[in-house]
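A quick write-up on the structure given underneath.
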Amino acid sequence: EMTVSNYSIPTPEQTQGWVDSAPKGFLFHIKLLGLFAFGQIEAVSLPPAARALLPESPSQVQLADLSSEVLDAVWGAWHRALEPIRAAGMLG
């Protein structure tokens with residue numbers, strides 16, 4: 001179970017490193033980003049593309065307050081991050 005993803009979205013390079021270092025047959029169980037699990041997150045934990053779309057620089061962001069463009073940027077980063085794990089057949 002990977003909990004790092006609860007606090008911020010890893011990069012595809014990070015998740016590829018996890019795949020490369022895991023033994024054959026290993027499955028990763030990835031926790032959902034806290035923004036979606038708890039409805040809020042520290043703004044610095046958002047991917048840069050999503051932070052750039054925020055109208056101001058808050059310390060915390062609430063899911064309910066985010067525009068569809070920001071949410072699309074977050075989900076895009078999430079899917080890109082998980083792609084190396086999915087492609088390797090290691091997503092539990």
Side-chain angles (χ1 to χ4, degrees):
E1 179 179 315
M2 298 300 290
T3 60
V4 68
S5 57
N6 190 245
Y7 304 103
S8 65
I9 298 174
T11 65
E13 294 79 17
Q14 286 172 308
T15 57
Q16 183 63 58
W18 300 347
V19 166
D20 294 343
S21 65
K24 184 176 178 151
F26 188 87
L27 293 179
F28 291 93
H29 297 274
I30 308 295
K31 282 195 169 188
L32 188 60
L33 181 66
L35 175 65
F36 300 116
F38 306 114
Q40 65 182 14
I41 198 167
E42 290 185 23
V44 298
S45 297
L46 292 175
R51 279 197 315 272
L53 296 169
L54 295 175
E56 53 190 58
S57 298
S59 60
Q60 291 273 324
V61 294
Q62 304 293 318
L63 178 61
D65 297 335
L66 297 177
S67 69
S68 60
E69 291 84 8
V70 173
L71 292 174
D72 287 347
V74 174
W75 277 121
W78 180 257
H79 287 284
R80 286 187 299 279
L82 296 186
E83 180 56 23
I85 300 170
R86 188 207 60 77
M90 300 175 107
L91 190 57

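Below, each value reflects all heavy atoms present in this structure, side chains not excepted, and no hydrogens, waters or symmetry copies.
- What you find for P47 and A77 is that their closest heavy atoms are CG-CB, 3.6 Å.
- Here the straight-line distance linking atom OG of S8 with atom CG of L33 works out to 8.0 Å at 0.5 Å rounding.
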Using distance only, find each side-chain donor-acceptor pair of residues 54-66 under 3.5 Å and give its atom names and separation, not counting sequence neighbours.
unit_1, atom_1, unit_2, atom_2, d
Q62, NE2, Q40, OE1, 3.1

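- Atom CD1 of residue I30 and atom CD1 of residue I9 lie 12.0 Å apart, to the nearest 0.5 angstrom.
- Looking only at distances, a side-chain donor or acceptor of T15 sits under 3.5 Å from a matching main-chain atom of A81.
- Contact between A73 and A49 at its shortest, heavy atoms only, is CB-C, 4.2 Å.
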Evaluate side-chain contact (heavy atoms from CB on, under 4.5 Å) for F28 paired with L82, printing each intermediate quantity in order. CA-CA 10 Å; F28 291 93; L82 296 186; over 6 Å; no

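- Tracing side-chain contacts under 4.5 Å through hydrophobic residues (I, L, V, M, F, W, Y), one never reaches F38 starting from L46; they form parts of separate clusters.
- Under a hydrophobic-cluster definition in which Ile, Leu, Val, Met, Phe, Trp and Tyr are linked whenever side-chain heavy atoms come within less than 4.5 Å, directly or via other members, L32 and Y7 are assigned to different clusters.
- R51 places a side-chain N or O within 3.5 Å of a backbone atom of V44 that can act as its donor or acceptor partner.
- Atom-to-atom distance recorded for Q16:CD and T11:OG1 is 10.5 Å, nearest 0.5 angstrom.
- Among residues two or more places apart in sequence or in another chain, the ring-ring contact (aromatic ring centres under 6.0 Å, His included) test is passed with F36 by W75.
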Take L35 and W78 through the test side-chain contact (heavy atoms from CB on, under 4.5 Å) and record every step on the way to the result. CA-CA 12 Å; L35 175 65; W78 180 257; over 6 Å; no

Do any side-chain atoms of residues 83-92 form donor-acceptor pairs under 3.5 angstrom with protein atoms, and if so which ones, sequence neighbours left out?
unit_1, atom_1, unit_2, atom_2, d
E83, OE1, R86, NE, 2.9
E83, OE1, R86, NH2, 3.4
E83, OE2, R86, NH2, 2.6

